[in-house]
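Any value given below was found using the heavy atoms of this structure, including those in side chains, with hydrogens, waters and symmetry copies removed.
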Amino acid sequence: MRLLLILALLSATTAMAQDPYPSKSVRLIAAAAPGGNPDILARMLAAKLSDAFGRPFVVENIPGAGGVVAAEQVARAAPDGHTLMLGDSGALAINVALNPRLTYQPLKDFTLITALAAVPTVLVLNPAVPANSLRDFVALAKSRQLAYGSAGNGSVHHLTMAVFLARNGLEMLHVPYKGGTALVGAVLAGEVQSGWSGIPNVAAHIRAGKLRVLCISTARRSASLPDVPTAMELGIAGFDIATTIGLQAPAGLSRDIAARLQAAVAKALRERDVTERMANLGMELAENGTEHYARFAREDLERYAAAVKAAGVKQE
């Protein structure tokens with residue numbers, strides 16, 4: 001009886017010594033400008049997690065260098081769960097392939113909590129471009145100098161086009177912009193003839209006839225644009241490129257906090273209002289747990305390293 005009492009007292013003392021999580025507001029850093037896919041998803045999650053944990057989850061936008069600026073800050077933060085990041089393949093794979101001198105290593109400097117969503121891109125043209133199909137566009141690009149825009153050097157938009165050009169033996173002028181919204185504005189204005197863009201930024205313009213869409217970058221069609229064929233369907237074998245958004249924390253986050261966050265996120269992503277919004281934005285659910293996300297991140301590093309090498313993309 002005395003031993004049981006001692007064990008109970010020790011257990012109570014340990015519980016009292018541990019700080020509850022979260023003990024204050026949580027910074028939820030979106031590694032993108034406002035309106036970008038990580039930002040949209042971060043704001044949906046912030047509301048759900050605030051309710052689940054009873055503390056504010058506050059979205060903070062830190063764009064720049066394809067997610068590198070945000071990733072560097074998060075890698076240096078305390079691993080107490082009060083600084084989290086919604087980063088995508090740009091910060092965790094593409095820029096690693098482009099710049100081996102980055103100040104962080106994704107697999108060592110972050111706790112990879114869970115994947116959230118896969119985001120394909122679509123190839124869009126200004127309607128003035130005389131090409132009504134992917135075959136027409138390839139033929140046109142072979143006959144004259146065309147320009148394409150991206151959301152910045154090293155962005156998934158840049159890399160997707162670089163791989164597309166390499167696979168088709170094409171050369172086009174690359175014009176990097178500061179984010180996906182600026183890229184779409186440039187195609188609409190005719191500053192550049194084309195670009196690969198995330199579906200949320202272009203869906204309304206496609207439906208209004210202000211942009212012409214040729215294909216999607218992934219192996220499967222998107223439920224939000226079901227009539228848009230894949231590049232593979234149109235003859236580009238093995239063309240399957242997307243960016244995956246995930247939830248990360250600094251390395252060293254406790255397993256208990258990581259597990260609690262992963263469970264709360266899994267529940268939030270399956271609530272009807274979130275699933276409907278994600279579907280409308282062309283996002284595909286990718287939540288599959290912490291262990292699977294770590295494995296995916298390793299594969300993503302290999303995937304984009306191979307793509308960068310195949311396309312001959314250089315850091316500008």
For this session: Would you indicate whether the side-chain heavy atoms of Leu98 and Ile94 approach each other to under 4.5 Å?
Result: yes
Exercise. Picking from Ile257, Val265, Leu247, what satisfies side chain to side chain contact (heavy atoms under 4.5 Å, CB included) with Ile113?
Worked result: Leu247
Problem set entry | Atom pair OH (Tyr177) and CG (Leu183), whose distance is rounded to the nearest 0.5 Å | 8.0 Å
Problem set entry | Leu261-Leu285 co-clustered via ILVMFWY side chain contacts under 4.5 Å | yes
Exercise. Is the backbone of Ile62 close enough, under 3.5 Å, to the side chain of Glu60 for a donor and an acceptor to pair up by distance?
Worked result: no
Seminar exercise, completed: So NE2 of His292 and CD of Gln262: to nearest 0.5 Å the spacing works out to 10.5 Å
For this session: State whether the number of non-hydrogen atoms from other residues, nucleotides or ligands found under 6.0 Å of Arg295 atom CZ is greater than 12.
Result: yes
Exercise. Take atom CZ in Arg135; do more than 12 heavy atoms of anything else shown fall under 6.0 Å from it?
Worked result: no
For this session: Tell me, yes or no, whether the heavy-atom count around Lys210 atom NZ, taken from other residues, nucleotides or ligands under 6.0 Å, exceeds 12.
Result: no
Exercise. Leu107 and Leu301: side-chain contact (heavy atoms from CB on, under 4.5 Å), yes or no, with the steps?
Worked result: CA-CA 10 Å; Leu107 300 181; Leu301 282 164; 3.8 Å; yes
For this session: First locate atom OG1 of Thr243, then atom CE of Met283, and finally report the distance between them rounded to the nearest 0.5 Å.
Result: 10.5 Å
Exercise. Can you tell me how far the CD1 atom of Ile199 sits from the CG atom of Asn280, to the nearest 0.5 Å?
Worked result: 11.0 Å
For this session: For the residue pair Arg212 and Val124, establish whether any side-chain heavy-atom pair is separated by less than 4.5 Å.
Result: no
Exercise. More than 12 foreign heavy atoms under 6.0 Å from CD of Glu291: is that the case here?
Worked result: no
Exercise. Looking at CG of Leu92 and CE of Met85, how far apart are the two atoms once the value is rounded to the nearest 0.5 Å?
Worked result: 5.0 Å
Exercise. Can a salt bridge be assigned to the pair Asp240 and Arg303 using a cut-off of 4.0 Å between side-chain N and carboxylate O?
Worked result: no
Exercise. Can you get from Trp196 to Val175 by hopping between Ile, Leu, Val, Met, Phe, Trp and Tyr side chains that sit under 4.5 Å apart?
Worked result: no
Problem set entry | Salt bridge present between Lys267 and Glu271 (N-O < 4.0 angstrom) | yes
Problem set entry | Derivation of the side-chain hydrogen bond (donor to acceptor under 3.5 Å, both in side chains) call for Ser217 and Thr160 | CA-CA 8 Å; Ser217 65; Thr160 303; 5.4 Å; no
For this session: Would you sort out whether Leu123 and Phe137 count as a side-chain contact (heavy atoms from CB on, under 4.5 Å), showing the intermediate values?
Result: CA-CA 10 Å; Leu123 178 58; Phe137 180 63; 4.1 Å; yes
Exercise. For the hydrophobic clusters of this structure (ILVMFWY residues joined by side-chain heavy atoms under 4.5 Å, transitively), does one cluster hold both Val156 and Val202?
Worked result: no
Problem set entry | Full working for side-chain contact (heavy atoms from CB on, under 4.5 Å) between His82 and Arg27 | CA-CA 6 Å; His82 292 95; Arg27 295 173 69 205; over 6 Å; no
Exercise. Is a salt bridge present between Arg272 and Glu276, judged by a nitrogen-to-oxygen distance below 4.0 Å?
Worked result: yes
Seminar exercise, completed: Output for pair (Cys215 SG, Ile236 CD1), nearest 0.5 Å, gives 6.0 Å
For this session: Classify the ring geometry between Phe164 and Phe239 as parallel (under 30°), tilted (30 to 60°) or perpendicular (over 60°).
Result: perpendicular
Problem set entry | Single-linkage hydrophobic cluster, 4.5 Å side-chain cutoff, Leu116 and Phe110 together | no
Exercise. Should Arg298 and Glu302 be marked as a salt bridge (Lys or Arg N to Asp or Glu O under 4.0 Å) after you check the CA-CA gap, both sets of side-chain angles, and the distance that decides it?
Worked result: CA-CA 7 Å; Arg298 288 192 293 271; Glu302 296 171 359; over 6 Å; no
For this session: Check whether Phe296 and Ile245 end up in the same hydrophobic cluster, where Ile, Leu, Val, Met, Phe, Trp and Tyr are linked by side-chain heavy atoms less than 4.5 Å apart.
Result: no
Problem set entry | Under-4.0 Å salt bridge between Arg277 and Asp273 | no
For this session: Determine, step by step, whether Gln73 and Tyr104 satisfy the side-chain hydrogen bond (donor to acceptor under 3.5 Å, both in side chains) criterion, reporting the C-alpha distance in whole Å, the side-chain angles of both residues, the deciding distance to 0.1 Å, and the verdict.
Result: CA-CA 10 Å; Gln73 289 196 27; Tyr104 62 87; over 6 Å; no
For this session: Given side-chain contact (heavy atoms from CB on, under 4.5 Å), test Leu86 with Leu41 step by step and report yes or no.
Result: CA-CA 8 Å; Leu86 261 77; Leu41 193 52; 3.9 Å; yes
Exercise. Are the ring centres of Tyr148 and His157 closer than 6.0 Å?
Worked result: no
